[in-house]
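Below is one structure, written out as structure tokens, with a few remarks after it.
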Amino acid sequence: MGENIDFRRWDELIPDALGMIFKNLPLQEILTVVPRVCKSWRKAVAGPYCWQDIDIEQWSQQCRPETLDRMLQMLITRSSGSLRKLCVTGLANDQSFSLIADNAKSLQTLRLPRSEISDSIVEQVAGRLFSVTFLDVSYCRNIGAQALEAIGKNCKLLMGLRRTMHPLEVIDKLSQDDEAFAIATTMPKLKQLEVAYLLISTEAVLKILENCPELELLDVRGCWNVKLDENYIKKFTRLKVVGPLVVDYFGMKGCDDCSNYSGSSGYLAWDFVAGNVGSDYDDEISDGDWEDDQSMEDVEMRFYDGFDLDNAAFDWPLSP
């Protein structure tokens, strides 16, 4: 043991290496605890290194719209155009979606379930989402075929689309075949398509199969008007069709890629399809009881440029 071994100090790691480490921590700790350790850690958190992948989907389910808007503004600004993945639920207005699009030059994965975005804003900014390869617009009630067509025409690299709906959200519609046809005619490179509980017909699904030759997963659970001939489906050797039958199968999680589906046509429980799974099913962010107003104000005070973090009072209660 007489050998002298030099261990590199944590505070001497390059910022992007620190960012790779810090992004595995809960969001609250990244914003409040890490910056107080040392200057190099504070620099890493203040730069874009921690904010290339932003997942606040679970946290955003429990906060007020104005709080969510401020958090997005802060985190996206910090990403400095390097944002690759963004997961957030419940965008309350078109302005937030426009902000995302303005900073989407490197964005590949975009998950916006339960958002109030409109057809018009999607048509306006879809051209800025050209690098997106996976998009989740499930339970977005205010968009339809127009938005999907704009996405398909502008997002040429799109390989995955999740457009799951709740039956009660489409109860006033006679058909959503126009959405299926928009997908079929503008998204030829799709490999994964989830359209559970959309009011689509067999004809519309066949159109998708005809125009999307690279499709590997088609989720049509709850699409009761779809009747696919098994012998016809067997012609697509790489294709796995899930549904339209829905069978209770608790304990399974959703997928962001086709590899999560087994060889048989397994089905997820209704609670998952309808988005009613408990908030703890996805443990990617475990921020505990993160209080909205006080916490957000403290974060803004401690995190924006020019604030003397070293001399600031640290009174944000940590998660239990």
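If you read the sequence from its start, that first residue is 1, and numbering goes on from there.
Judged by distance alone, with hydrogens and angles left aside, the side-chain atoms of S115 form a donor-acceptor pair with the main-chain N or O of L91 at under 3.5 Å. Counting only distance, with no hydrogens or angles, the side chain of T133 and the backbone of L157 share no donor-acceptor pair below 3.5 Å. For the pair N103 (side chain) and L83 (backbone), a donor-acceptor distance under 3.5 Å is absent. The closest donor-acceptor contact from the side chain of S79 to the backbone of Q52 lies at 3.5 Å or more, if one exists at all.
When all heavy atoms of I151 and M187 are compared, the pair lying nearest together is CG2-CE, 4.3 Å. For the pair Q192 and L215, the tightest heavy-atom approach, listed with the atom from each and the gap, is N-CD1, 4.0 Å.
Counting only heavy atoms from C-beta outward, the side chains of L209 and I233 approach each other to under 4.5 Å. Side-chain contact between T164 and V195 is absent, with no heavy-atom pair separated by less than 4.5 Å. In this structure the side chain of N154 never reaches within 4.5 angstrom of the side chain of T186, judged on heavy atoms. Looking only at side-chain heavy atoms (C-beta outward), L112 and F97 come within less than 4.5 Å of each other.
With no hydrogens or angles considered, no side-chain donor-acceptor pair links Q108 and R84 at under 3.5 Å.
Salt bridge E194/R163: absent, no basic N to carboxylate O contact under 4.0 Å. In summary, D53 and K85 do not engage in a salt bridge, as defined by a charged side-chain N under 4.0 Å from a carboxylate O. Taking 4.0 Å as the cut-off between side-chain N and carboxylate O, R111 and E57 count as a salt-bridged pair.
K153 meets the side-chain hydrogen bond (donor to acceptor under 3.5 Å, both in side chains) test with E149; sequence neighbours excluded.
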Q: Please test E214 against R238 for salt bridge (Lys or Arg N to Asp or Glu O under 4.0 Å), starting from the C-alpha separation and ending with a verdict.
A: CA-CA 8 Å; E214 300 180 31; R238 295 189 301 174; 5.6 Å; no
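Each of L218, L217, I208, L161 was scored for a side-chain contact (heavy atoms from CB on, under 4.5 Å) with L190, with one residue passing: L161.
Judged as a side chain to side chain donor-acceptor pair (under 3.5 Å), the pairs with a partner in residues 87-100 (not counting sequence neighbours) are, in order, D69-N93, D69-S96, N93-S96, D94-S118.
For the atom pair CD1 (I143) and CZ (R141), the distance works out to 12.0 Å, reported to the nearest 0.5 Å.
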